[in-house]
Amino acid sequence: MTPTVSDYAPQTIEKKWQQRWAETRAFEVSADPSKPKFYCLVMFAYPSGHAHVGHVRNYMIGDVVARMKRLRGFHVIHPFGWDAFGLPAENAAIQNKLHPRTWTLDNIAHMKGQLQRLGISYAWEREIATCLPEYYRWNQWIFLKMFERDLAYRRRSTVNWCPSCQTVLANEQVIDGKCWRCGSDVDARALEQWFFRITAYADQLLEGADGLTEWPEKVLTMQRNWIGRSEGARVTFTLVGEPAAPIEVFTTRIDTIYGGTFVLLAPEHALVDDIASSSGDPEGFRERVRRFRAQDRTARLTGEIEKEGFDTGRRAINPFSGEEVPVWVANFVLGEYGTGAVMGVPAHDQRDFEFARKYDLPIRIVVQPDEGPPLAADEQVEAHPGAGHLVASGEFSGMPWADACAAMTQAAADRKIGEGTVQYRLKDWGISRQRYWGTPIPIVHCEACGLVPVPYEDLPVELPDVTDFTGRGDSPLGQVPEFVNTICPTCGAAARRETDTMDTFVDSSWYFYRYCDPRNDTLPFDPEVARYWTPVDFYSGGVEHAILHLIYSRFFCRVLRDLGLVAHDEPFTRLLTQGMVLKDGAVMSKSKGNVVDPDDMMATYGADTLRLYETFVAPPEKEIEWTDTGLEGSFRFLGRIWRLVAPLAGRVQAAAPPAGELDDAERAMRRKTHVTIQRVSSDLERVHLNTAVSALMELVNDLYALCDRAGCGPASRASEAAELRPATASVLREAFEALVLLLSPFTPHLAEELWERLGHGDGLAAASWPEADPDVAKAHTLVVPVQINGKVRARLTVEAGQSDADLEAAALAEPQVQAHIAGKTVAKVVVARGRLVSVVVK
RNA sequence: GCGAAAGUGGCGGAACUGGCAGACGCGCCGGAUUUAGGAUCCGGUGGCCGGACGGCUGUGGGGGUUCGAAUCCCCCCUUUCGCACCA
């Protein structure tokens with residue numbers, strides 16, 4: 001394709017304007033409290049090597065919003081950066097003998113070039129990369145603050161171990177028992193680990209969700225489920241015999257406690273070992289426990305295994321009934337939830353019911369339904385978990401179950417045998433990773449002093465240069481003596497550094513605050529500056545982070561708030577979860593070989609075409625199927641605009657604003673222009689990008705028709721010679737300018753070029769969003785359909801502003817209508833808001 | 001199993017608080033231009049009947065509310081997503 005003067009040549013235009021934007025620092029901003037701000041954020045990128053069109057889509061959504069807000073007079077911060085720590089870099093290093101830093105920085109350079117060629121309006125001077133000491137230093141700083149406040153702590157626990165990634169995973173990072181990153185089955189391992197006490201904020205995170213009115217309900221539901229709050233009570237049963245010990249159970253149905261005919265311990269329960277020792281056959285006992293513990297962790301968590309258990313031979317006293325009940329160990333009781341022990345109430349819990357039937361344990365009904373026939377224990381085919389009133393429950397008999405819950409919780413507290421508690425499914429966030437390419441945890445282990453924080457003035461604890469990556473087990477940092485061996489900051493004795501690194505989700509939990517003040521070297525960010533820019537007004541990214549990044553960030557926001565660094569409770573006011581880009585029905589991935597490279601698309605069609613396509617093809621939240629023909633359609637549209645506006649730009653740029661002497665077509669055109677301004681404006685505020693584009697296409701179609709008629713359009717021969725009425729020129733000028741401005745968030749290069757050709761030397765940076773004139777946008781004549789018995793039989797063309805009575809009369813006078821009501825009686829006429837007349841005949 | 005969202009032409013998708021279903025685009029058909037192809041410009045395009053005016057039918061299926069339902073209510077089917085022994 002050889003471009004001629006009238007051809008749309010995106011490559012030339014795009015290079016020109018990208019240079020211009022860089023020279024004028026068009027998108028750089030600084031805090032200015034006298035102006036309204038807008039923080040537009042897209043999830044930063046993992047520098048995997050190449051951006052594909054799926055990433056590009058998200059950046060496009062953010063860019064359209066940012067550019068629109070800028071034209072609307074906001075001070076817009078639209079930053080970008082790199083989530084630059086993580087395993088792929090380390091794995092690449094193992095394979096290619098490259099340092100992870102080299103691999104990462106090279107990838108960043110390449111991807112940055114891609115994004116710049118797309119013309120995304122980032123404030124590049126705020127760019128951050130989490131793998132640089134100047135960034136991760138502040139991870140360490142925040143970690144130490146959390147350590148001081150007991151929000152970061154170390155304990156031994158059973159953790160999720162990914163055998164392929166050779167590291168620990170947080171609970172959020174295990175999906176269906178598999179590693180979120182590589183899909184391997186996750187094992188259990190007992191390790192000393194660092195945790196963040198996110199559970200301290202469980203209630204706040206839950207309650208805060210109610211205020212997130214501009215988040216997708218789906219994400220909030222996922223977060224609420226993940227937090228999993230349940231109200232109940234802890235009640236203490238007493239193990240009889242030697243050793244005598246309390247067994248605390250958690251229940252949400254203390255009202256059923258008189259039906260508690262056995263106690264179940266998780267195989268991991270602390271008492272199990274003691275009981276085994278004092279049993280007749282300690283080895284056999286332990287063997288059975290070992291078997292349960294070894295059962296597939298995934299299957300145990302998802303309930304896919306057969307419920308099994310065995311009698312410990314010991315008994316415990318039910319504190320309410322006073323009865324001695326057997327104590328069993330059961331494989332379906334989770335050691336990590338509640339107290340690791342439950343009371344078995346077979347009549348009212350399905351799991352306990354199945355267990356009791358299997359092992360012939362007693363079933364006792366203590367809640368009878370208020371209606372219907374009473375339950376009988378030996379006839380039960382399933383548990384009755386529902387409502388009713390209590391029976392066989394001592395002094396509580398006869399009470400409605402909900403009242404009984406309250407009364408019995410109170411009674412337990414009075415008698416010091418229990419108390420009401422709230423239990424969460426959410427667990428503390430395990431952040432230790434046994435890998436190299438992450439933030440070193442700034443702690444020193446001293447024989448004498450224990451866990452000693454690295455003094456703030458010694459930060460950052462820098463990653464040493466490791467050159468030999470094996471990817472085997474234990475933390476690579478442990479193999480670097482110069483790193484490990486240090487002295488205790490407190491007592492000066494020889495000590496060892498912590499060798500685990502932090503989960504990379506720590507990096508991403510606060511990066512959006514760092515953008516506000518990215519070069520600060522005394523604090524993570526200046527609270528005053530952050531107060532101006534944050535919270536983030538619009539945040540766009542993938543739904544896969546619904547309960548990972550998005551819950552961690554909400555937690556960090558509160559921690560930083562309590563440290564006095566931020567002034568709000570929620571970091572992201574509005575969230576959009578964008579749909580994925582599919583090719584051949586599948587997510588794009590290198591292994592499937594279905595990746596569409598934006599560079600290829602830009603080489604053929606230009607960045608603007610790619611940008612337009614990805615915003616037009618479907619609503620941002622929906623997934624899209626990539627089609628080359630769709631992309632070509634977008635290219636055609638831009639060519640169509642070019643052929644329309646470019647040749648006429650010089651001829652209309654001096655035209656006066658439209659005045660009174662317009663003909664019908666010109667008046668209609670003006671109206672279309674102003675209606676389009678209204679539609680695009682409101683669609684963009686709602687981020688309905690696809691319908692905004694379609695409104696612009698309608699405008700262009702109408703402009704073609706007008707120019708065709710005026711003999712000046714692309715279809716006209718010898719268009720240069722055609723006379724242009726001054727009125728036409730003024731209408732065209734107004735329409736072209738609106739079109740270019742409304743289009744500019746989508747296709748900024750083309751818009752800048754045409755804006756310049758329309759006589760504006762100072763660029764779109766100096767322009768502002770067009771305002772619709774409601775009077776011009778208003779229809780002067782309208783078409784009112786007339787329904788007879790629900791079917792449209794005629795259309796009236798009337799002057800706007802007719803009264804309902806006039807419309808009714810006009811409708812009934814219409815010959816078409818007359819024909820349909822002839823010989824029948826008009827029973828009723830409804831006029832709907834001047835838009836429709838509905839006639840009912842019999 | 002539980003919960004949520006969705007189901008509209010050949011395809012992607014429009015339709016604000018119930019008010020002309022199918023905007024816009026892709027594809028397809030026809031015309032103009034062209035030596036030809038491509039590109040471009042114009043027109044047509046849910047289905048059935050009719051030469052046209054027009055008529056009938058139509059938003060997963062079935063019922064209901066209403067002058068009027070893609071939209072609201074009930075039942076069912078399908079798809080996608082989330083949760084799934086959390087006591």
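All values below come from the heavy atoms of this structure, side chains included, with hydrogens, waters and symmetry mates left out. Keep in mind it's a predicted model, so treat the numbers as computed, not measured. Numbered from 1 within each chain, the chains take letters A, B, ... in sequence-line order.
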Visitor: C1' atom, G9(B) versus A23(B): distance in rounded Å?
Guide: 14 Å
Visitor: Could you check how far CE of Met222(A) sits from C1' of A4(B), rounded to whole Å?
Guide: 11 Å
Visitor: Using a cut-off of 4.0 Å on non-hydrogen atoms, how would the nucleic acid contact of Thr221(A) be classed: base, sugar-phosphate, or nothing?
Guide: nothing
Visitor: Examine the side chains of Trp429(A) and Glu172(A) and answer whether a donor and an acceptor come within less than 3.5 Å of each other.
Guide: no
Visitor: If we call it a pair only when both distances are under 3.5 Å in a Watson-Crick or G-U wobble match, what pairs with A4(B)?
Guide: U80(B)
Visitor: Looking at Phe332(A), I'd like to know if the NZ or CZ of Lys307(A) sits under 6.0 Å from its six-membered ring centre while staying within 45 degrees of the ring's axis.
Guide: yes
Visitor: Which atom names give the shortest non-hydrogen contact between Ile363(A) and Gln380(A), and what distance separates them?
Guide: CG2-OE1, 3.6 Å
Visitor: With the side chain of Asp349(A) defined as its heavy atoms from C-beta on, choose the nearest nucleotide among C81(B), A87(B), C24(B).
Guide: A87(B)
Visitor: Of the nucleotides C67(B), G25(B), A87(B), which one has an atom closest to the side chain of Thr251(A)?
Guide: A87(B)
Visitor: May I ask you to say whether Arg224(A) pairs ionically with Glu217(A), meaning some side-chain N is under 4.0 Å from a carboxylate O?
Guide: yes
Visitor: Looking only at N and O atoms, is any donor in the side chain of Thr629(A) or the base of C26(B) less than 3.5 Å from an acceptor on the other one?
Guide: no
Visitor: Please report, rounded to the nearest Å, how far the P atom of C24(B) is from the CZ atom of Phe746(A).
Guide: 17 Å
Visitor: Is a side-chain N or O of Tyr613(A) found less than 3.5 angstrom from the main chain of Asp628(A), in a donor-acceptor match?
Guide: no
Visitor: Between Trp626(A) and Glu614(A), is any pair of side-chain heavy atoms under 4.5 Å apart?
Guide: yes
Visitor: Once you apply a heavy-atom cut-off of 4.0 Å, does Lys427(A) come out as touching a base, just sugar-phosphate, or nothing?
Guide: nothing
Visitor: Charged N to carboxylate O under 4.0 angstrom, Glu621(A) versus Lys218(A)?
Guide: no
Visitor: Using the P atoms only, state how far U59(B) lies from C11(B), rounded to an integer number of Å.
Guide: 15 Å
Visitor: Take atom C1' in C56(B) and the same atom in G1(B), then report the distance between them in whole Å.
Guide: 46 Å
Visitor: Using atom P of each nucleotide, how far apart are A6(B) and C42(B) to the nearest Å?
Guide: 37 Å
Visitor: Return the value, rounded to whole Å, for the distance between atom CD1 of Ile624(A) and atom C1' of G25(B).
Guide: 13 Å
Visitor: For Phe616(A), answer base if it contacts any base atom (sugar-phosphate contacts may also be present), sugar-phosphate if it contacts only those atoms, and nothing otherwise; contact means non-hydrogen atoms under 4.0 Å.
Guide: base
Visitor: What's the closest nucleotide to the Val617(A) side chain, out of G12(B), A87(B), A15(B)?
Guide: G12(B)
Visitor: Among A84(B), C67(B), U40(B), which nucleotide sits nearest the side chain of Arg643(A)?
Guide: U40(B)
Visitor: Below the 4.0 Å mark, does C42(B) have OP1 or OP2 next to a side-chain nitrogen or oxygen of Arg640(A)?
Guide: yes
Visitor: Counting only side-chain heavy atoms from C-beta out, which of C67(B), A15(B), C20(B) sits nearest to Val792(A)?
Guide: C20(B)
Visitor: Any base atoms under 4.0 Å from Val783(A), or only sugar-phosphate, or nothing? Heavy atoms, all strands.
Guide: base
Visitor: Does Gln787(A) reach a base, just sugar-phosphate, or nothing at all? Heavy atoms under 4.0 Å.
Guide: base
Visitor: Expressed as a whole number of angstroms, how long is the span from Lys622(A):NZ to C81(B):C1'?
Guide: 13 Å
Visitor: Partner lookup for G27(B), please. Criteria are Watson-Crick or G-U wobble with both distances under 3.5 angstrom; report none if nothing qualifies.
Guide: U45(B)
Visitor: Going by a 90° cut-off around 0, is G9(B) syn or anti?
Guide: syn
Visitor: Which is true for Asn789(A) with a 4.0 Å heavy-atom rule: it touches a base, it touches only sugar-phosphate, or it touches nothing?
Guide: nothing
Visitor: Checking side-chain contact (heavy atoms from CB on, under 4.5 Å) between Tyr704(A) and each of Asp708(A), Asp702(A), Val700(A), which is the one that passes?
Guide: Val700(A)
Visitor: When you compare A5(B) with G30(B), how far apart are their C1' atoms, in angstrom units rounded to a whole number?
Guide: 42 Å
Visitor: Determine which nucleotide pairs with C20(B), using a 3.5 Å limit on both distances of a Watson-Crick or G-U wobble pair.
Guide: none
Visitor: Side chain of Asp708(A), heavy atoms from C-beta onward: which of A87(B), C42(B), G25(B) has the nearest atom to it?
Guide: C42(B)
Visitor: In whole angstrom, give me the gap between the C1' atoms of U71(B) and U66(B).
Guide: 13 Å
Visitor: Between P on C24(B) and CG on Asp683(A), what's the gap in Å once rounded to a whole number?
Guide: 15 Å
Visitor: Please state how far atom CG in Leu836(A) lies from atom C1' in C67(B), giving the value in whole angstrom units.
Guide: 10 Å
Visitor: Expressed as a whole number of Å, how far does the C1' atom of C41(B) sit from that of G51(B)?
Guide: 30 Å
Visitor: With a 4.0 Å cut-off on heavy atoms, is Arg636(A) in touch with a base, just the backbone sugar-phosphate, or nothing at all?
Guide: sugar-phosphate
Visitor: Is G68(B) paired to anything, Watson-Crick or G-U wobble with both distances less than 3.5 Å, and if yes, which nucleotide?
Guide: none
Visitor: Could you tell me how far apart Asn701(A) (CG) and C42(B) (P) are, to the nearest whole angstrom?
Guide: 8 Å
Visitor: Considering every strand and a 4.0 Å limit on heavy-atom distances, what is the contact class for Gly633(A): base, sugar-phosphate, or nothing?
Guide: sugar-phosphate
Visitor: Take atom C1' in G31(B) and the same atom in G46(B), then report the distance between them in whole Å.
Guide: 24 Å
Visitor: Does a donor on one side chain and an acceptor on the other come within less than 3.5 Å for Tyr8(A) and Thr609(A)?
Guide: no
Visitor: Could you check whether Ser230(A) gets within reach of a base, just the sugar-phosphate, or nothing at all, counting any heavy atom under 4.0 Å?
Guide: sugar-phosphate
Visitor: For RNA chain B, whose closest nucleotide is more 5', that of Arg253(A) or that of Arg835(A)?
Guide: Arg835(A)
Visitor: Considering every strand and a 4.0 Å limit on heavy-atom distances, what is the contact class for Arg793(A): base, sugar-phosphate, or nothing?
Guide: sugar-phosphate
Visitor: Please report the distance, rounded to the nearest Å, between CZ in Arg686(A) and P in C16(B).
Guide: 9 Å
Visitor: So which nucleotide from G19(B), C42(B), C67(B) ends up closest to the side chain of Val840(A)?
Guide: C67(B)
Visitor: Which listed nucleotide (A23(B), C56(B), G19(B)) is nearest to the side chain of Lys791(A)?
Guide: C56(B)
Visitor: Consider the side chain of Glu698(A), meaning its heavy atoms from C-beta on, and name the nucleotide among C56(B), A23(B), A87(B) that approaches it most closely.
Guide: A23(B)
Visitor: Identify which nucleotide among G13(B), G19(B), C83(B) has an atom closest to any side-chain atom of Ser838(A), counting heavy atoms from C-beta outward.
Guide: G19(B)
